[in-house]
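We count ligands from 1, going down the list as the structure has it; atoms in each ligand are counted the same way. Just the heavy atoms: all of them, side chains too, but no hydrogens, waters or symmetry mates, feed the values below. Throughout, numbering of the chain's residues begins at 1 and tracks the sequence.
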Amino acid sequence: MSGPTVWKTPAEVRAWVRSVQQRGQRIALVPTMGFLHDGHLSLMREGARRADVVVASIFVNPMQFGPKEDLSSYPRDTEGDLARCASAGVVGVYMPEPSTMYPPGFQTAVLVEQVSQGLDGEKRPGHFRGVATVVAKLLALFRPDVALFGEKDYQQLQVIARLNADLELGAQIVGMPTIREPDGLAMSSRNSYLGPDERRRALGLSRGLFAAQALAAKGEADVARLVAVIRAELAAVQAREDYVEICDARSLVKLTQLEKGSPARVLVAAFMGTTRLIDNVALTLG
Ligand code: PAF
């Protein structure tokens, strides 16, 4: 199988985009930070269904990491990633150097005001400024018809949908369901940090979320009671909570009560040892 074309500069990407547009073909873009797993591949395969050509970016974006976060240890596997991209039908991968993405003198940032606040926006100051800036750059460069992101990073998905609409970048932003390991753990490149015991205990996150989801489906509308169920599961596996919150599914405004017909989302972030994991599910009041 021949691998995807690797682009290192915006000029190479622009030339390719022009040629594809001249052929009247639709482009799907899957932005990633690499160390690809089945969650990323599901985005690429869906991109192939929705467009004529699928491309990806692999860029560990320094701008979205805090000073004490895992930028230097973030897992990387370029060769494996390119093989996985090829297996999912990706025709080209943009892999710029940080100095290409952010050349000397770079001083522009994209700030999505409301939906970036709270949750990861509060716990990881500057994170969504970095995400929004790099994704805006990628959407402006590729001008994709469709761009696909996982619901695992649910707040990120809302931030990107907002910036795409506000900056009139013209992509259809598609959020795809979280892909889980057979035992329920949400797939994440950061799962590779977990030791065997932490990996087993990490199931407390999804167990708590599914328990809350089932209770809501049975008619429990009280947010405090739903949150307590999740906290009990986190405590049982000695996970250190960063947040457990139930929010309106679009605005991410915090709720105290679920309402029939109003989509809600429960989001959790917790440390398993030194590894920070996030997960979320939809809540529907039954
Ligand atoms: O979800 C990710 O992998 C990153 O946050 C993204 C969207 C590629 C931006 O760097």
When you measure from atom 7 (C) of ligand 1 to every protein heavy atom, which one gives the shortest distance, and what is it?
Gln156 NE2, 3.4 Å

In terms of side-chain geometry, is the basic nitrogen of Arg265 or Glu151 positioned less than 4.0 Å from the acidic oxygen of its partner?
yes

Under 4.0 Å from one or more heavy atoms of Thr32, ligand 1 contributes atoms 8 (C)

Can you tell me which residue and heavy atom of the protein come closest to atom 10 (O) of ligand 1, and the distance to 0.1 Å?
Gln64 OE1, 2.6 Å

Is Arg50 salt-bridged to Glu46, going by a charged N under 4.0 Å from an acidic O?
yes

Between Arg84 and Asp77 (salt bridge meaning N to carboxylate O under 4.0 Å), is one present in this structure?
yes

Within ligand 1, which atoms have a heavy atom of Val134 less than 4.0 Å away?
9 (C), 10 (O)

Those atoms of ligand 1 less than 4.0 Å from some heavy atom in Met33:
3 (O), 4 (C), 10 (O)

Going by the side chain to side chain donor-acceptor pair (under 3.5 Å) test, name the single residue among Arg276, Gln155, His127 that passes it with Asp120.
Arg276

Does a salt bridge link Arg199 with Asp183, judged by any charged N lying under 4.0 Å from a carboxylate O?
yes

